Number of protein chains: 2
Amino acid sequence: MLSAIFLGKETQTVARPANSQSNSTEVPEVVITRLPQYIRVLNSLLDAGVDVISSQQLGEQLQVTPAQIRKDLSYLGRFGKQGRGYNVSYLATELKQILGLNRRWNVCLVGVGRLGRAILSYPGFVPEGFEIVAAFETDAAIVGQTISGLRIQPIEELDRTVTRQNISIGIIAVPSAVAQKVVRRLTECGIKAILNYAPVYPQVPPQVKVRNVDPVLSLQSMTYYLVN
Amino acid sequence: MLSAIFLGKETQTVARPANSQSNSTEVPEVVITRLPQYIRVLNSLLDAGVDVISSQQLGEQLQVTPAQIRKDLSYLGRFGKQGRGYNVSYLATELKQILGLNRRWNVCLVGVGRLGRAILSYPGFVPEGFEIVAAFETDAAIVGQTISGLRIQPIEELDRTVTRQNISIGIIAVPSAVAQKVVRRLTECGIKAILNYAPVYPQVPPQVKVRNVDPVLSLQSMTYYLVN
DNA sequence: GCTTGTGAAGACCTTCACAGCA
DNA sequence: TGCTGTGAAGGTCTTCACAAGC
């Protein structure tokens, strides 16, 4: 019986602000975080056979103001037609291109405990173009096992495998106590994007992006509204 | 082999803005989402035997400016002493009180597929005071089974169980297609806080809080920075 | 001297409102 | 007429900077 999960603060997780040095021409990070949501809705509209949609209609589906959608898109180009709206297929294609979602990404997992195994068997990544092609552990009892079709490697092979398999993204599922150390190892391999399931916010060099998946934090911030 | 996961957009997180009608005296939602992080660091400081900490030092641990910490706390009260800083134990206690974390919360899970089972066996909730005390399914093949010590109930029993077991929080782990329907059922039972693992942003009445756990969105927003 | 708490300033993000165009 | 794209306005959040107090 295998399984898999995750979270988003935004949610959160939210993710940290992290607007390092913002050239006036830079796209705000919050805009970037909304684009995948736009794409998701556009995909479902495509499936429903919708050809054209206005910012008004799109906004209703996304629970966002039409002005926000138009403004967001205006940072990236001019995709609509006055008097008509946006061609669903064209807009989806353009946004995927901009986000780099028109290709596959190789991902590695560090930490193959209970949580790591759930991530390995989570079926939501591959259809979106994210494939976990390597998994690492320190526990000698786990190294060498084959889990979800993947041979678990010792952490020492990280550097070599990341290079050889052209891995750009790391997923961390190790205990809090070692998360920071793992983050450093990943960044030293040249990894620039990390999805962190450990309940700590690790420090990274400014050019590295981290997104934290932390359902406990999400619960803990909601209870405020239950008692107030 | 069971397992468990989650995410944080929020990141994350992130979560939707959702500043409905803000009295000038209301605590900003983004402040509320930071408090659990503060508490986490304070707890680890307590374990380390630290008695007093300044906003400067706390800020270093959290990667946040000292001014932000002081400002955040000032929305909630006056917890520090000039010239000294904050008493770690006192501040942690006060913040937990404010967030309603000085008590246990009963939680129900809807959806006991692969993902739901991972959530059921996730060991991170109970130590923080969140206990999944009921689980619901529509699939007749799963209803009646006992998983992680919990008898899986038919969805029809939701209302009665929520009332009887005093459940305040719902976790959703159903397919996207039915997530909105489940959200409505939960809100009709009086549930005011929902942790949503389905890859859709459901609509809720304004007094209901939702946090979305969505690692795919997190990955999809990071790739932008890998290609740009 | 050192650090908090907080008005004020500044940065950032969202919304408005309309010119421009189909 | 209908809708986009966008400067400008408005609002929210963050940072500054300093008075107050230990």
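Worth saying up front: this structure is predicted, and the values here are computed from it rather than measured. Order of the sequence lines fixes the chain letters, A, B, ..., with proteins taken first and strands second; residue numbering starts at 1 for each chain.
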Requested in this report: Report the distance from atom CE of A:Met222 to atom CD1 of B:Ile32, rounding to the nearest 0.5 Å.
Outcome: 13.5 Å
Query - By salt bridge (charged side-chain N to carboxylate O under 4.0 Å, His left out) - contacts of A:Arg84 (at least two apart) - result: none
Query - Sequence-distant partners of B:Arg40, side chain to side chain contact (heavy atoms under 4.5 Å, CB included), two or more places apart - result: A:Pro199, A:Asp214, A:Val216, A:Leu217
**Report entry** side chain to side chain contact (heavy atoms under 4.5 Å, CB included) involving B:Pro175 - partner list, sequence neighbours excluded
**Finding:** B:Val178
Report summary line: Sorted by chain and residue number, the side chain to side chain contact (heavy atoms under 4.5 Å, CB included) partners of A:Gln82 (sequence neighbours excluded) come out as none
Query raised in the report: For residues 176-185 of chain B, which residue pairs qualify under side-chain hydrogen bond (donor to acceptor under 3.5 Å, both in side chains), counting only residues two or more places apart or in two chains?
Result: none
Requested in this report: Please collect all salt bridge (charged side-chain N to carboxylate O under 4.0 Å, His left out) contacts where either partner lies in residues 42-66 of chain A, sequence neighbours excluded, each pair once.
Outcome: none
Query raised in the report: Between atom CD in A:Gln82 and atom C1' in C:dG20, what is the gap in whole Å?
Result: 6 Å
Query raised in the report: Given atom CG of B:Leu62 and atom C1' of D:dT15, what is their separation to the nearest angstrom?
Result: 17 Å
Requested in this report: For DNA chain C, find the residues of residues 84-93 of chain B with a heavy-atom distance under 4.0 Å and give them by number; none if there aren't any.
Outcome: B:Arg84, B:Gly85, B:Tyr86
Query raised in the report: Is there a residue in residues 40-59 of chain B whose heavy atoms reach under 4.0 Å of DNA chain C, and which residues are they?
Result: B:Ser54, B:Ser55
Query - Residues within residues 70-79 of chain A bordering DNA chain D, heavy-atom distance below 4.0 Å - result: A:Arg70, A:Lys71, A:Ser74, A:Arg78, A:Phe79
Query - Whole-Å distance separating the OH atom of A:Tyr38 from the P atom of D:dT4 - result: 13 Å
Requested in this report: Name all residues meeting the side chain to side chain contact (heavy atoms under 4.5 Å, CB included) criterion together with B:Thr65; count only those two or more places apart in sequence or in a different chain, and write none if there are none.
Outcome: B:Ala67, B:Gln68
For residues 71-79 of chain B, dump all side-chain donor-acceptor pairs below 3.5 Å to protein atoms at least two apart in sequence or in another chain.
residue	atom	partner	partner atom	Å
B:Asp72	OD1	B:Arg34	NH2	3.0
B:Asp72	OD2	B:Arg34	NE	2.7
B:Asp72	OD2	B:Arg34	NH2	3.3
B:Asp72	OD2	B:Tyr38	OH	2.6
B:Ser74	OG	B:Lys71	O	2.7

Would you list the atom pairs, donor with acceptor, under 3.5 Å between side chains in residues 90-110 of chain A and any protein atom, with sequence neighbours excluded?
residue	atom	partner	partner atom	Å
A:Thr93	OG1	A:Ser89	O	2.8
A:Lys96	NZ	A:Asn43	OD1	3.1
A:Gln97	OE1	A:Asn102	ND2	3.3
A:Arg104	NH2	A:Asn106	OD1	3.4
A:Arg104	NH2	A:Glu131	OE1	2.5
A:Trp105	NE1	A:Gly100	O	2.8
A:Asn106	ND2	A:Gln165	O	2.8

Query raised in the report: Which whole-number value in Å describes the distance from B:Ile69 CD1 to D:dT15 C1'?
Result: 13 Å
